[in-house]
Amino acid sequence: MNNEEMRLPIEGVQTFEKVFIGGEWIAPRGGRLIESIDPATEEVWTRVAESGLEEVDLAVAAARQAMQGPWARYFTASQRGEYLRRFALLLRRDAERIAHLESRDNGKPLHDTEGEISKAADWLDFFAGGADKLNGSQIPVRPDALAFTRREPIGVVAAILPWNSPIMMAAWKLGPALAAGNAIILKPAEQTPVSALQLGRLAQEAGLPPGVVNVLPGYGPVAGAALTTHPGVNKVAFTGDWRTAQKIMQAASGSLKRCTFECGGKSPFIVFEDADLDKALVVGLNSAFRSTGQSCSIASRIFVQRPIYERFASAFAERAKAIRVGNPLDAHTHIGPQTSADQLAKTQRYIGLGLESGARLIAGGGRPPGLDRGYFVEPTVFADVRNDSCLAQEEVFGPVIAMLPFDDEAEAVSLANDSNYGLVAAVWTQDIKRAHRVAAAVEAGLVCVNTYGATHWMLPYGGFKLSGIGRENSLESLLEYTEVKSVFVDLSDQRPADRFAD
Ligand code: NAI
Ligand code: MG
């Protein structure tokens, strides 16, 4: 498929009939198509070729071949960085068009998808710069020996991607995988398969050697599962549900594949009475409802110290009611629909569980008026939620917030940590000592003080407990895409002790 063929019009039903394997666009043997639904209309807006087991085999073979070719053998680390930089540049060039595709597929407002694509390019740029800063070390074992470590690519990486921020999550894996010299197979989520194909097109245009980047849209239990058991895959990098991560870990155990997982959270947002409440309110709302709650890092449990609890909760509810839910292509829209019918059903189920639990509904709970079609749901706030209820313990992945009171710092920390998740946390206080005490005591991979959502390419990101294994972002994440090899060279003139001489 050439670039013109990929440059399809935005409106009307169109079909992406080919997948990207070994530098070529190939129509899958099975001939089946994934119907991608526009969540704002509930209608099929595009069809995408479904990769089956044969395509998985072909892609793995192509990626393995790439690891025998110039990419792995002759390219310098700086050259790998150059390719990533070119990739980022092309992504910025096509940002507007890809954002349109992504908004149709995923339902996020254009403002958000454009922002995510720009960030995805930032991520690629960062790892472009990281490629030639991945050093081994020299280890002074003995004066008359040279011992050092090499950071070698793991080999073939299967990136199994979620539907909530498809292009960002792809960039988080592409960047370090390629910078460290691996080949990668992107398996986008079946709900949002389109933008990953665009990444394939850009990888091709950036001139990456065939097989270094492959894109296989397909279903989790078919193409996804096949990648996780395939003996030719060396590492699985996954973002999604922890239950899926469990299955992947089991499947991958056959060949002890390296696995990194990012599996969501139930992140606490702790507001002490001395906090800057105006700021905490604005940031809290954004952290709770952005992406229609479909983010691993959503601030979904808001703990408020009792003296300010009622005031904060009612201000939060008033602001939540004023959020404009609507069509993602309308510039007026604050948040779009849920991405899928399944996710809408899940969100509605948790609203039901919240009502049953006796929690106090103070905003939302239903379908936004005037939106008869589409997977829309109102921003919803429950107050007086019990921390041991489903609503406070389980990830909803929708715009449904649990608000809970606490009395003192010890209680706040213990409630925050009483969770199987541990991804992000926020502490709001003017007391610097308390801020540091709580930051150290909270079990989370990222703690924000008087802010939220500080995900940045320079900061390691990932979870404690069920929130995941390993870290993404930062130069540290490059290490997750390498094997360490120790090399020990004897430089001594001594004869070796011969224990078996007599
Ligand atoms: P999921 O974990 O099933 O989907 C994520 C990816 O895994 C998709 O690409 C899917 O095709 C793939 N997959 C599914 N089953 C697989 C298998 N057996 N082997 C290999 N790959 C497989 O998540 P799902 O069902 O779409 O969403 C359910 C919930 O998961 C959401 O409501 C949310 O709570 C959570 N989630 C969290 C995300 C995060 O950012 N941490 C992202 C997506 C979902
Ligand atoms: Mg879709």
Side-chain angles (χ1 to χ4, degrees), residues 265-290 293 295 297-323 350-351 354-355 357-365 379-396 398-419 421-439 441-444 446-454:
K266 196 72 195 178
S267 297
F269 188 96
I270 307 169
V271 187
F272 286 95
E273 62 177 321
D274 67 338
D276 179 335
L277 294 185
D278 291 339
K279 217 171 146 188
L281 183 68
V282 170
V283 175
L285 272 168
N286 182 54
S287 310
F289 296 121
R290 68 181 181 80
S295 160
S297 62
I298 278 307
S300 48
R301 289 186 297 156
I302 301 197
F303 295 99
V304 187
Q305 203 163 16
R306 207 168 300 268
I308 55 162
Y309 175 70
E310 276 306 330
R311 186 153 58 95
F312 192 84
S314 62
F316 198 91
E318 285 322 301
R319 290 291 314 274
K321 289 176 197 165
I323 291 173
Y350 279 100
I351 292 174
L355 292 170
S357 74
R360 181 157 53 102
L361 180 68
I362 58 174
T380 298
V381 185
F382 281 98
D384 311 343
V385 175
R386 287 175 48 125
N387 199 48
D388 61 2
S389 68
C390 297
L391 189 57
Q393 288 295 322
E394 294 168 21
E395 184 174 53
V396 180
V400 180
I401 290 316
M403 187 92 56
L404 307 87
F406 69 90
D407 287 310
D408 58 17
E409 182 182 321
E411 191 191 6
V413 169
S414 116
L415 288 169
N417 287 344
D418 183 11
S419 167
Y421 289 107
L423 192 58
V424 184
V427 191
W428 289 80
T429 179
Q430 312 273 15
D431 178 342
I432 191 166
K433 290 186 193 165
R434 174 154 67 191
H436 283 289
R437 275 196 308 268
V438 175
V442 167
E443 294 160 0
L446 170 64
V447 184
C448 305
V449 177
N450 296 332
T451 182
Y452 197 77

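- Not a single side chain to side chain donor-acceptor pair (under 3.5 Å) links S419 to another residue, sequence neighbours left out.
- Counting all heavy atoms, side chain and backbone alike, A359 lies closest to F382 at CB-CD2, 3.8 Å.
- Considering CG of L415 and CD1 of I270, their distance stands at 8.5 Å, rounded to 0.5 Å.
- With rounding to the nearest 0.5 angstrom, the CG atom of D431 is 10.0 Å from the NE2 atom of H436.
- Annotation: side chain to side chain donor-acceptor pair (under 3.5 Å) contacts of S287 (sequence neighbours excluded): none.
- Partners of S297 by side chain to side chain donor-acceptor pair (under 3.5 Å), not counting sequence neighbours, listed by chain and number: R290, S295.
- When all heavy atoms of A275 and Q430 are compared, the pair lying nearest together is C-NE2, 4.1 Å.
- Residues A444 and V424 share a closest heavy-atom pair of CB-C, 3.9 Å.
- Every residue two or more places apart in sequence or in another chain that forms a ring pair (Phe, Tyr, Trp, His ring centres under 6.0 Å) with F269 is listed here: W428, Y452.
- Taking E443 as the reference, K465 meet the salt bridge (charged side-chain N to carboxylate O under 4.0 Å, His left out) condition, with sequence neighbours excluded.
- At least one side-chain heavy atom of N387 sits less than 4.5 Å from a side-chain heavy atom of Q393.
- Side chains of V400 and I351 form a contact here, defined as non-hydrogen atoms less than 4.5 Å apart.
- Scanning for salt bridge (charged side-chain N to carboxylate O under 4.0 Å, His left out) contacts around D384 gives R360, with sequence neighbours left out.
- Partners of D407 by side chain to side chain contact (heavy atoms under 4.5 Å, CB included), not counting sequence neighbours, listed by chain and number: R306, E411.
- Considering only heavy atoms from C-beta on, L423 stays 4.5 Å or farther from L446 through its side chain.
- Annotation for I362 and A383: closest pair CD1-CB, 3.9 Å, computed over non-hydrogen atoms.
- The closest donor-acceptor contact from the side chain of K266 to the backbone of E395 lies at 3.5 Å or more, if one exists at all.
- The closest donor-acceptor contact from the side chain of S389 to the backbone of R386 lies under 3.5 Å.
- Between A439 and V427 the shortest heavy-atom distance is N-CG2, 4.5 Å.
- For F406, the ring pair (Phe, Tyr, Trp, His ring centres under 6.0 Å) partners two or more places apart in sequence, or in a different chain, are F272.
- In this structure, I401 CD1 and L285 CG are separated by 9.0 Å, a value rounded to the nearest 0.5 Å.
- A search for side chain to side chain contact (heavy atoms under 4.5 Å, CB included) contacts involving V449 returns A435, not counting sequence neighbours.
- Atom CZ in R301 sits 7.5 Å away from atom CG in D418 (nearest 0.5 Å).
- By the salt bridge (charged side-chain N to carboxylate O under 4.0 Å, His left out) test, D274 is found to be paired with R434, residues two or more places apart in sequence or in another chain being considered.
- What you find for T451 and A426 is that their closest heavy atoms are O-CB, 3.8 Å.
- Of the possible donor and acceptor atoms, one in the side chain of T380 sits under 3.5 Å from a partner among the backbone N and O of G365.
- Every residue two or more places apart in sequence or in another chain was checked for a side chain to side chain donor-acceptor pair (under 3.5 Å) with D408, and none qualifies.
- Between Y350 and C390 the shortest side-chain heavy-atom distance falls below 4.5 Å.
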Atom pairs and distances, donor-acceptor, side-chain atoms in residues 311-321, under 3.5 Å, two or more places apart:
unit_1	atom_1	unit_2	atom_2	d
S314	OG	E310	O	3.2
S314	OG	R311	O	3.3
E318	OE2	K321	NZ	3.2

